[in-house]
Amino acid sequence: MRKPTSARSKSCYDIPREIVGQAWGGKYRGQCQKWYALRFTGKDSEIDIAHPAGGHDPEFVQWRWEQLPNVVDLIVPFKRPVYEQVAKRFKKFARDAS
């Protein structure tokens with residue numbers, strides 16, 4: 001992988017009040033993330049989400065490549081503003097940039 005750039009600052013979201021006690025065992029009320037644009041230079045067969053590094057439990061059960069303009073609509077509503085910012089910031093690095 002190559003790292004073309006990173007976001008200038010962290011992007012944060014709050015979990016909606018109606019699920020804050022359920023998400024992450026009620027331990028957190030939101031999250032701040034530092035985003036990076038990465039260019040995957042390997043083969044799809046090298047991606048193994050079923051066996052994450054470090055002995056962690058898998059977070060996802062499936063994955064796929066997606067066009068950047070479509071990603072925001074795939075995200076739960078309370079996280080969409082963060083993904084909109086990220087998509088705008090990294091649009092110039094996407095192969096599907098239009």
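Nothing here was measured: the structure is a model prediction, and the numbers come from that model. Only heavy atoms go into these numbers, but all of them, side chains included; no hydrogens, no water, no symmetry mates. We're numbering straight along the sequence, starting at 1.
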**Request:** Taking atom CZ of F78 as the centre, report whether more than 12 heavy atoms of other residues, nucleotides or ligands fall under 6.0 Å from it.
**Result:** yes
**Residue pair D73 / R80: nearest heavy atoms and the distance that separates them** = O-NH2, 3.5 Å
**Prompt:** Between I49 and V61, which heavy-atom pair has the shortest distance, and what is it?
**Reply:** CD1-C, 3.6 Å
**For the student: nearest non-hydrogen atoms of A87 and V72, plus distance** = CB-CG2, 4.3 Å
**Request:** Check whether any side-chain heavy atom of I15 sits under 4.5 Å from a side-chain heavy atom of R29, and report yes or no.
**Result:** no
**Message:** Let me check something: do F40 and W63 share a hydrophobic cluster, defined by ILVMFWY side-chain heavy atoms less than 4.5 Å apart, either directly or through other members?
**Reply:** yes
**Request:** Might you point out which heavy atoms bring A50 and P58 nearest each other, and give the distance in Å?
**Result:** O-CG, 3.3 Å
**Message:** I'd like to check F90 versus W35 (side-chain heavy atoms, cut-off strictly below 4.5 Å). Are they in contact?
**Reply:** yes
**Rounded distance (nearest 0.5 Å) linking atom NZ of K79 with atom CG of D14** = 12.5 Å
**Item:** Close side-chain approach of Y83 and Y13, heavy atoms under 4.5 Å
**Value:** no
**Prompt:** Has E18 got more than 12 heavy atoms of other residues, nucleotides or ligands less than 6.0 Å from its CD?
**Reply:** yes
**Asked** How far apart are the closest heavy atoms of I75 and V71, and which atoms are they?
**Response** CG1-O, 3.3 Å
**Asked** How about W65 and I47: do any of their side-chain heavy atoms sit closer than 4.5 Å?
**Response** yes
**Complete:** Separation between CZ (R64) and CD (Q62), nearest 0.5 Å, reads 7.5 Å
**Item:** From S11 atom OG to R89 atom CZ, the distance as rounded to the nearest 0.5 Å
**Value:** 10.5 Å
